[in-house]
Structure formats: C-alpha cells, structure tokens
Number of protein chains: 2
Amino acid sequence: MLNPISYKDNKIIILDQTKIPNDETYIEIDSIQRLYEAIKKLQIRGAPLLGIAAAYGIRLSSVLNINKNTDDYKKSLLKDIVLLKSSRPTAVNLFNVLDNTENIIKSHDDKFRIHESLVALAVHEEDKSMCDRIADNGVTLIKENAKILTHCNTGVLATGGIGTALGIIYRSFWEGKNPNVYVGETRPLLQGARLTAFELASEGINVHVLPDSARAYIMKDKNIDIVITGADRIAMNGDTANKIGTFDTAINAKYFNIPFYIAAPTSTFDKNASDMSDIPIEQRAPEELYKIGYQGLIKTKTDFINPAFDITPNELITGIITEKGIILPPYEKNIPDYI
Amino acid sequence: MLNPISYKDNKIIILDQTKIPNDETYIEIDSIQRLYEAIKKLQIRGAPLLGIAAAYGIRLSSVLNINKNTDDYKKSLLKDIVLLKSSRPTAVNLFNVLDNTENIIKSHDDKFRIHESLVALAVHEEDKSMCDRIADNGVTLIKENAKILTHCNTGVLATGGIGTALGIIYRSFWEGKNPNVYVGETRPLLQGARLTAFELASEGINVHVLPDSARAYIMKDKNIDIVITGADRIAMNGDTANKIGTFDTAINAKYFNIPFYIAAPTSTFDKNASDMSDIPIEQRAPEELYKIGYQGLIKTKTDFINPAFDITPNELITGIITEKGIILPPYEKNIPDYI
C-alpha cells in the first residue's frame, strides 16, 4: 500500500497528494516552514494524517533545535507549534497533538527535551490501530453487495492506517461482501475522483465517480444502501464538520431514508465545542475554483466562494462509528460515554 | 448583449459557448452535420436556444436542398431532421420544432418547399417574447435585496431573449430590486461558473459562484430567499428534467423551507410524458469528468458516471413560472389549463 507519511534521516517523507493518481512523487521535508506549506497546499491532507504530520513536525523541530539551551529550545518548539496551528483551522487532530505538546513543554522546566521519536511513533501507531477498530465496528453495518456512497477521501491517503470510512469499505471487501462504492468527485480539488477512486481501484474494489451534483440522481437510480463519510471535527452534540458537500449529502440521504454514518476516531471530538457554532470553517483561495475549467482557466473577476468544509447537524446523522463502538442519538447524552 | 445565434448569408452563426468567458468566438455553420456536432459538443446549448437552432437548421437544410425535385428535397430534409434529433435526447424544445416540421413535410405532396425563413424567425421571435413574459410573471416573486440561488445557465446564452430563470433576475435588477445571485459552478462543464457568472457580471449584477457541493452551506449561511432554475422538459404531472444537480438543489431547498421555482415556456411541457418515467436522461462522455482535474487530466480507468440531467419530482416544486402565469400544485390538475 501507499505510504503517505514516514520519517527517515531527520526528514519527513510525504507522498505529494496533489499529484495522485498521475504521479507518485515523494517530498522530503526538512523544515517546519516547508511542512506548513505542504499542509496549506494539501500536499498532505486528511484529518487523522494531519495529526500524524503534526507529531512528526514536533519530532523534526526537536531535532533541529536540540543543541540550543533549554529556554531557546522550548521557544523554538513553541514558535513552530504556532506556525503549524495556523496552517488549517478545521481538522481537530492537528490541534490535539500540538496542544498536548504545548502543555508538555510549558509544564517542564529544566533541561527539558521532548522524547520526540516516541511521540510521533505513538501517534502514528495509535491511528493505525484506531482505523482497524473503526473497521471492526463499521463493517457490521455493511450487507452483501452493498451500494455505499462516500465523499472525499478517508482511506490510506488520509490516515495512518487503512482509513475511517474507506477502512470500513476495505474490510467489507476483504470479507467478501462485494461492495460497490459511489463517490462524488469532490470539487474543487477532486479528492474523490483522484484519491478515493485511485485507492479503491488499486485494491480491486468497484468504484464509480460522479459529479457532486449527481448524488440525488445516484441515490435514486442505484438504490444506495448506506452513506459513510469521515469527519474533521465533531462537536459534543454530534454536529460534524467535514469536507464541503457532506451536509448536502446528508440532506439527500434523509430525503431518500438512506442511513447516514460518520466514521472517525474519538480523537475527532472537540470537547470545547458544544455545537457547530464553536467550529471554525476554513475558507480557501478562490483560485481553486476558477483555475480549473473548460479551457483550464476562467478569466473572470466574479466572486468565488470556496468553503473547505460544511457542518452537518446531528439530526441528519444516523450514527457515529468510532474505535470504541457506534454512537447513536441522542448524541448529547451518549457521546460523553465514549470519550 | 451577446448574440448566441443568428442567420446570415445562408450560414448559421453561433457563439461558441465552450470558449466563454475567455474568448468570444463565433462559428459559421454551413452544414447540418456541423450543426449536429456543435449541439453535441455544447458549443450551442440551453433548451430554448436548441429549439431555435433546430429551426435555423431546417432553414439551412431547405436552402441547401432547394434545387432538388420535391421528393428528394423532402427526403433530404427528413434525413437532416433524423440527424438533429439524435444530437441530444432530453431538451424537448428541439424535438418540438423538428416534430412539427416533420409533420408539415409529410402532410404536403406537390411542389412542397418550406417557408424556411419564416419558420426560423417565428421560433426565434416567439422565444424572445416568451422570455419577457416569463420575467413579467416571475419578477413578482422577487423581493428587494433578494438572495437568489440558481443553477446552470438559463439566460441570454440559453434562449432567444433575456432568458428564463435569469430573465427574471435581469428584470428584478432593472427594477432596482438589487438581487444577489448564487450559482453552483455546474460540473462538469461549468455553465454556472463560465456562463451565468459572465452574463450577470457583465450586466453589473452581484453574482457569487460556489462549488456545487456548497449549496446547503450557502442556503444556511446566506439565508437564501428563493431558488429558480430552468427546465429541459416537464412532464404533465410537473416532474421536471433539468441540468444534473437540480434535484439535489430542490431537496436542499425543501430542507431549509426555501421556495423552489422552475421558470420555462409552456413549450417545455411534454404532452406525451405523464411523469418522469417518460423522460430520457442523456448520459454524456466520461471524459467531461476526468479530462479536468488537479493536474489537468486524471489518468485512471475508474468508472465515471456522467448524467447530463436529473429529474426533480413535482412534490419539490413550489411553482412553475411560464409566459402564461405561475402554475401551482396540484400540477396534474393545473398544467392542462396552461398548455
């Protein structure tokens, strides 16, 4: 399988996801500034994978600053943490790792050095194991020959393991359930058409790409059995931030009475967010929309609105599949039992 | 204003809509084969405009065959009609013109020649006038500072006049109602981002383009007041075929209790279609989806599903704005009074 992130010879090695599926190019990252840019540009992406990238970033920062005195070492690390936190605002995994590290740094005084390799490895291994357990729980929802609709990319390219929503799909395939997977292309950056289609097709899974606008059409035409997507941040009442279009998909699923599930590790819950009003939505550059087009580029001064995420209200979510089990409504009451 | 179709010196002159907004290129069409290709490639598009193109096609065919004996003349015209009918299956306007002409040809025996210029001009003029009357009726629904969501392109570039849904928007702007217009980019061929944004911005109307997946986001974020789209074919029970994504939009509008209107001339009703099951859906080439991408081209053998249209069931439609008035439910009962 592809290796979206690793660490070797004091460099973070990432697969450049903007080039997939046409080219499999790996980038060697040797500074936090470069890591910040790679995250901004979505050369590395996927909420769980961003948490792992942050952990490797801490490891790299520690290595780069290891010879400084403790005060300067800590200052340098904290500065790098501030930079990484400013990369993308919505996915909570990155903040979890960075906030935890920040607390550790601030709570130590003398001759402090982070056990950097252990932290990064632990985060990576933990995410891998969480994917497996999410698949254990989620695969029970998948019937034989299921028609599954998903959105964006939540697989090997988005996590430290087999994925969240896609991990469930992989597992159902390996168990011989013969799933058919439908995915919107996921404009503007086409994570569905480029990444999910590539991942699943490489494994031999039947995958069909459609315009994002064709979700109602396909739900009706193919009698979709279940919708499963990932999550970038989940509030304590179950409101879920995920790739733009998830909200539309959930509304459509409701109209057709198709069960709509979120698959995410419990680390995706934000204890500080009581509902969607506490979740920031990243607005991305309009160029992502107009620098692609029938002729390759739309020369226009029109206002392009490009939110990276939307928030699906809890009332539209049938269940949240985590590594600890499937959380069902009422979410306000049940979520605290799982985190 | 732009002139999407005209007829001069025995040539049909069309604006190449695949090049808008980057280039304003006109194509001279001197054969029915070339007209067929222009329709297939969407160099000319828009349900009402396709009706006009068909009428000009009849005119051109008559000119090209005028010196043949009556039998051969009629055979040539009927052959051209068959070709044009095979161009695109969903928009009914093209079929209306061609079916009518076919009946005229078949019902005449001797020395028959079509009064070709009159037919084409009549269709063009009638469509222009219909747009104005649709705007008369539709503008009553638009309040001051309205936030209007539309889909695809239904304006000057889609009709013989100011448009259907966009005609209403133009009129509301000219009456000083200061509309703000939101439009999905309309994948795969970006008629929203390329054509609607271009048309409205040229007129000075505030227009905002978003990914098709961001419709639920924008309905919530901007408190959209009304949704108006066009139609390619309407069944006698009100079920409406229109650009892929219209169905999704209508489901979203229902979720937010936003009124959802169709604007179309009564010629869009198909008397032979009792409901959506009688409306064919054009499936277009998968290349339209994968020959565009983050790197310009996705090299993948994945299955791409590319329906050009979907069908919005009547239960989601608040009203149908026609040149004769606004048709309200129950549609089975009310539509026959208008056509």
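Every chain is numbered from 1 and lettered A, B, ... according to where its sequence line falls, protein lines coming before strand lines.
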Might you confirm whether atom NZ of B:K220 has over 12 heavy atoms from other residues, nucleotides or ligands at distances under 6.0 Å? no
Filtered by a 4.5 Å non-hydrogen cutoff, the part of residues 222-233 of chain B contacting chain A is none
Heavy-atom pair count under 4.5 Å with chain A, highest-scoring of B:N206, B:L200, B:V207, B:V209: B:V209
Counting heavy-atom pairs under 4.5 angstrom with chain B, the leader among A:D221, A:L210, A:I218, A:I281 is A:L210
Between B:L316 and chain A, which part of the residue has a heavy atom less than 4.5 Å away: side chain, backbone, both or neither? side chain
Using side-chain heavy atoms (C-beta onward) and a distance below 4.5 Å, is A:S213 in contact with B:T186? no
Can you tell which part of B:I311 gets under 4.5 Å to a heavy atom of chain A, answering side chain, backbone, both or neither? neither
Which residues in residues 238-252 of chain B have any heavy atom lying under 4.5 Å from a heavy atom of chain A? B:I244, B:G245, B:F247, B:D248, B:I251, B:N252
Can you measure from CZ (B:R187) to CD (A:E185) and round to the nearest 0.5 angstrom? 4.0 Å
Where does B:Q191 contact chain A at under 4.5 Å (heavy atoms): side chain, backbone, both or neither? neither
Just wondering, do B:Y182 and A:I305 contact through their side chains at under 4.5 Å, heavy atoms? yes
